[in-house]
Structures are given as C-alpha cells and as structure tokens.
Amino acid sequence: MKNKGKHIGFVLFVVFAVLPFTLAFGYALLYSFGIIGVVNEGFTLSFWKEVFTSGTLGTSFLYSGIIAAVGVFLSVSLALWVVLKFKEGFNNKYLSFIIYMPLAVPGIVSAFFTYQLFAQSGFFARLSYQLNWIETAQQFPDLVNDNWAIGIIITFISLLTPFFILLYLNIYKDERIEELSQLSRALGANKKQIALKVSLPIMLKKSWVLIVLYFIFLLGAYEVPLILGQESPQMLSVLILRELKQFDLTKTSEGYVMAVVYTVVIMSATIFIFSRKKLRNNAY
Amino acid sequence: MMQRFLFFLLFAITLFLMSCENPKESRNWKQASWQEIEQQANDTTVNFMMWQGSPIVNDYINNYVKPTLKEKHNITLNISSGQGPEIVQLMMGEKQAGSEKGQVDMVWINGETFFQLRKIEGLWGPFTEKLPNSQYIDFNNPFIGIDFQQEINGMECPWGINQFAFVYDSIKTPAPPKTLAELETFVKVNPGTFTISNDFSGMTLLKCYMAELSGSPDGLDGEFDQQKYDTLSTQLWEYINRNRKYFWKEGQTFPKEHSKMDQMFSSGEILLTYGFSEGGIEEKVLQGLFPESTKGYAWKNGTILNSNYLGITYNATNKAGAMQVINFLISPEAQLKRAEPSGMNANPVLDISKLPTEYKDKFEKITARQYGPSLDELSENAIKEPAPEYMLNIYEDFRTYVIEK
C-alpha cells in the first residue's frame, strides 16, 4: 500500500513538475538556436554569440547576485538579532501579529508600498518638505530606481525577515538553545560567547539550506526589481522578459538564450546543494 | 461484402465529419456579400483583445458598445486584456502551435503592432472595403491610410486618430520649451525635471527630436535611410548625453513607462511630460490627476500624428462577427458617442464632410475641450510616423548609447 502511494506520488511529480519543465526547457533551447520561432530562419549560433559577446547577461548575473546576497544577509542578520534579543516579546499577541503581518503581503504590493514611502515624491519626501528639511523633491535621497538598488533591498528585507524570524524562533525552541545557553552560562560563558559560540552556529547550521534557497529565489525575483529597479543594469528576470518582449522580433531568441543559461546555472547550483548529503541531513 | 460496407461507412463518416468541421469558417468571407456577413454574425460571440488601461475607454466599451451590439446585432462581445507585446506574443504562440482556431477574433493595435503582426502574417484581410461604414473614412488622408510609412491596404481598419503632445502646468512653467535649443536651456534652469521614458511614448519623442535635427518636419518621410539615421542618431545621442546630467535622477536611469511620468508630473517631480491623444490632458484633469492649469502643445518642428486601428486575427473563428463589430465601431453613431466630451472625448476617425447631414450637425455641436488642446490646434505641427526601422533602431540604440553608457 505504501509502495503504491509512493508510485502515485512519483507519477504526479513527473506529470506536473518534471514533464512541463522539460517541455518548456526544450522549447526554449530550440528557440535559442533558431530551430523554431515564427520569424527564425533555421539553426544558427548567432543568438548565443550575441548574448555572450554583449556582456549584458554577465553584468546582470553579477548585479542580481550582489543584490540577492545583500538582501539575504541583511534579512538573516536582522532576524537573528530580533530573535536573540526579543524572544520573550513574541509571547505578546500584538507584537507577534505586527511581525508576522508582512508575511501575508505579496511582493508586488510590497514594492508599491516601498515606492510610495521612499520615492522622491513619496511619503517621507513630503514629510521632509513639511518639516523644512528639503526645499525641492530632488533634494530627497535617491532611494527607488536608484544606482545602489536600495529600494529593492529594503523590499526584500521586509519580505524575508518575518519568515526568518518565524524560522529562528522555532529552531530556538526545537534545538533547546535556551537550555544550552543556561548550561554555557553555568560553565562560565558570557553573553557574547553564548551568542557567538552556541546560539548562532546552531541556528545558521540548521537554516543554511533555506538561506541558499532564498538567495536563489531573490536572484530570480521579478516584480520588485521591475518596479523599483533601474533600466541598466537590470536583474535577471526583468532582463530576460525584456528581451523576450522586445520590439525587434528577430531578436526574441536572445531572450530564450538567456533563459536557458539562467535555468542551467540555477539547476546546477540547486543539484549541487542538495547532493551534499551532510548539509541536507543537517538542514532544518 | 461486410468489409466493403464497413469501409464505405467509415468513408462516409469521415466525409461527414470533415463537412461538419466549422462550416461557418469554411466560407470565404472576402467574397461574401455584406448581407451574408450580417446574417452569419447574428447570434455569435466575438472575442476582442484590447488595452484596458483607461477607465474611460473601458466605460465606453462596457456600458455603450457591448449593450448596443447585443441589442442591434445580437452579438456578444467578450473583452480580454492585452496590448501590443501581448497580442504579438499570443499570435506568435498560436502560429508556432499551428492553431487554426484563435482565442481572439479582433485586436486594437497601433502602427508598431501592425508592423510586427504583418511580419508574422498574423492578420486576416483585406476587409475594410467590405464594411459599409468605411465609406465615411478618408483613406486618402496620409495620417489614416498610411501607417508607419506603409499603406494599410485594408488589413486594419482605422478607429481613432490622435496627436502626440507635450504637457505642462501653465502656472509652474509659463514658457515651456518648443525646440531642442530651448529644451537645453530649460533643463539647465530646472534640473531634474525632464526625462525620456524607455517605451513607445519615449521613442516617439525621440523620433520627433530626430525630425527636428533633420531640419524639417518631413525630414524622416519615405523609406528607411540608414545613412540618414546614422547621422541624425549620432547627433541625437550626443545631444542627450551632453544634457543628461540635468535630467531626472541626473540622467543615470530613465523611467520604464510613460504612465510613471504622468504620476511624477502630477506629484510635481517633473515639469514636462508628453503622450498621445493630445497628451491625454482632458481625461487626466477630469480624473483629478493633473491640475486644471495643465496645458498641451506641439513641438515647433512638429509632433507625430497617427491613427490607431482594429484588426482581425489570421485565425479568427468568427470573422463575420468581427467585421460586424468593427463596422459598428466606425459607425457615425458609435464614433459620436466616443467623441462626447463627458466620455472618451476621442477624435472621430470619420471624414465629417462625408457624413449624412444629421450626423454632420451633431459632430459640429460637440463642445470644445476645457483643458487639453484640440487636434485642429495642433494639426499645423503634425508630422507623419516614420518607417518602422527608425523605431527598431532607436529602441536598440537608446539603450546602447544612452541608458547603458
């Protein structure tokens, strides 16, 4: 019976996950070589050559990687700090409600919210104007569609931090870190030593895989950088969609080249992470 | 004997099924009379893909066109949302899949999409001559019969006509720039208040600038000229790069869409915006987005005047119904309703002099716009849409030589 259930699960996985993905990937691959496509004229390597010589994809990978890494790093750091500092506070009904509320907010809404608050014509700029801190909108610091992707990172933090807080609160409880900390204190460790040598290593080790997965998730984010990013460089998904929808239909295949490269890189990274048994077994 | 009978039976069934296969669409509608088309269109459903970004346009379609079509022609009109790129993507996908029964029967397009759809042979036609109401349209008007420097040849039916206009607040900016030289001074005096959107509107603006650099309003007319483009575009990118430090966000980035520029204009972040439909001023002032002191004008060398069109998809399952709907949309009645100042306030695409007296009077009685300029006021400075290759190159080069520089 159990075996039968396993089989059905496997079949469903193949039918609903593997098959559509494989077909879509095959379609993109054929399109990227010009084999299919209404305006394409047959097999060619020119689209691949164009993508690799232009350097736009490389820049976008680097740019997306840095933003995703900074976003994850700051979110995890903030969540760890909040959990270790205020863990008792989460027993308070209202405080926990405020912390968990952003979990229910979709990315696109969050991005608009950031725009309304931080744009040069947004809430804080208007407040600064009313308080006579600035005289024109241009004097307000550039926080959205900016060079440093500050708006994107702020939104990523607001989306990820509540999740990591929830995760670390559970790890803290399940791994009995409170008891371990008391034991360490009894053995003479100070607060800093407890945090650095006991709490943090356990929490990070247990959440490592999720941190990496969230990094990959942010790497492929679309709505947030679409609304808050700048026109160049662009994050990967925004760039790929732009190439796919461009006015010059003869260049649509370049978008498929980028999509194929992106998929191969992300799939390889994911397989590599999950094939490392040690990490998987230790993961939360 | 039995085998032979079975063979015949199978053959008969196959023949029957083949004859049943959509008998309506096996007809050649290009040869049919209007009466036959009308009969066929009766009691059918037409799927119309259109841009749904304007509440006023949606109101016109949902509360006037749909019920009137149902009442007069017994046609149910289904609307699906999608503009240029979505329509092209859908058509490309259906072509790729060899789909003979399209999801959509008719589409609302402009020259940009017409060019793309023609490239993939995504439109059915010619059909405009079939429509009785096309007699009221002056196809010899170059702003109507020619789209992006190419004759429409009955493959799309004009629905509206409008001009690109600049928009400013007359209180904040009493003397807005009207030439590239004046714009250069303007951005230096008012840094951060001007930008170019990286979309259709922004590219249209660049075409207007390029026409000015050519030295005459019709400098870009005719077929695409690579040498002319190279010379003029080099000058244009040099002009923009020289002045971009005075643009919005010091010219380090450009807004993705024109709608964002309208928002920034309404919040006072920028002082100058632009757009088709004579800048869309009337609608936005009435909505409360723009202040009442908003005014519009054409560039001294001219701004682009063009039409928007209705097309029938190559694989439409209800071509007769689509023709009936398009014929209704260009009827004097529907165009009059579309022109009402309290409604869409759109310029009729009909030649008023060709209309029956009853409608002539009605069109002449339409009250003038309160805020935005009329097409007549701007028409002196109207220029034609250049060949599509200009747009193709400008899109690409604006990114390469300006955005990514």
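Computed from a predicted structure; not experimentally measured. What you see below is based on every heavy atom in this structure, not just the backbone, and it leaves out hydrogens, waters and symmetry mates. Note on naming: letters A, B, ... go to the chains in the order of the sequence lines (proteins, then strands), and numbering restarts at 1 for each one.
Residue contact with chain B, scored on non-hydrogen atoms closer than 4.5 Å, involves the backbone and the side chain of A:Leu226 alike. Contacts of A:Ser54 with chain B are absent, with no heavy-atom separation under 4.5 Å from either backbone or side chain. In this structure, no portion of B:Met203 lies under 4.5 Å from any heavy atom of chain A. With a 4.5 angstrom heavy-atom cutoff, A:Val38 touches chain B via backbone and side-chain atoms both. Heavy atoms of B:Gln89 lying under 4.5 Å from chain A belong exclusively to its side chain. Of the atoms belonging to B:Glu121, not a single heavy atom falls under 4.5 Å from chain A. Neither the backbone nor the side chain of B:Glu250 comes within contact range of chain A; no heavy atoms are under 4.5 Å apart. Only the side chain of A:Asn147 has a heavy atom closer than 4.5 Å to any heavy atom of chain B. When heavy atoms are compared at a cutoff of 4.5 Å, B:Phe115 approaches chain A solely by way of its side chain, counted from C-beta outward. With a 4.5 Å cut-off on non-hydrogen atoms, A:Thr56 touches chain B through its side chain but not through its backbone.
Top candidate by heavy-atom pairs under 4.5 Å with chain B, chosen from A:Thr59, A:Val39, A:Asp142, is A:Asp142. The candidate with the highest count of non-hydrogen atom pairs below 4.5 Å against chain A, out of B:Pro255, B:Gly192, B:Pro191, is B:Gly192. For the set B:Met92, B:Met264, B:Gln116, B:Gln252, the entry with the most heavy-atom pairs within less than 4.5 Å of chain A is B:Gln116. Ranked by non-hydrogen atom pairs under 4.5 Å with chain A, the options B:Gln263, B:Met391, B:Glu257 are led by B:Met391. When each of A:Ala125, A:Pro233, A:Gly37 is scored by its heavy-atom pairs under 4.5 Å with chain B, the top score falls to A:Gly37.
Taking the six-membered ring wherever Trp is involved, the centroid distance between the rings of A:Phe140 and A:Phe118 does not fall below 6.0 Å. With ring centers used as reference points, A:Phe164 lies under 6.0 Å from A:Tyr214.
Annotation: A:Phe217, atom CZ; neighbour count of heavy atoms from other residues, nucleotides and ligands within 6.0 Å does not exceed 12.
Because its NZ or CZ atom is both nearer than 6.0 Å to the ring centre of B:Tyr314 and within 45° of the ring axis, B:Lys95 counts as a cation-pi partner of that residue.
A salt bridge between B:Lys256 and B:Asp199 is absent, with no side-chain N of the basic residue lying under 4.0 Å from a carboxylate O of the acidic one. For B:Arg399 and A:Glu231, the salt-bridge test passes: some basic side-chain N is under 4.0 Å from an acidic carboxylate O. With salt bridges taken as basic N to acidic carboxylate O contacts below 4.0 Å, one links B:Lys207 and B:Glu385.
Looking at B:His258, its side chain never comes within 3.5 Å of a backbone N or O of B:Phe200 through a donor-acceptor pair.
Between A:Tyr256 and A:Tyr31, the angle of the ring planes stays under 30°, which puts this pair in the parallel group of the 30/60° scheme.
Residues B:Gly122 and B:Met91 share a closest heavy-atom pair of O-SD, 3.8 Å.
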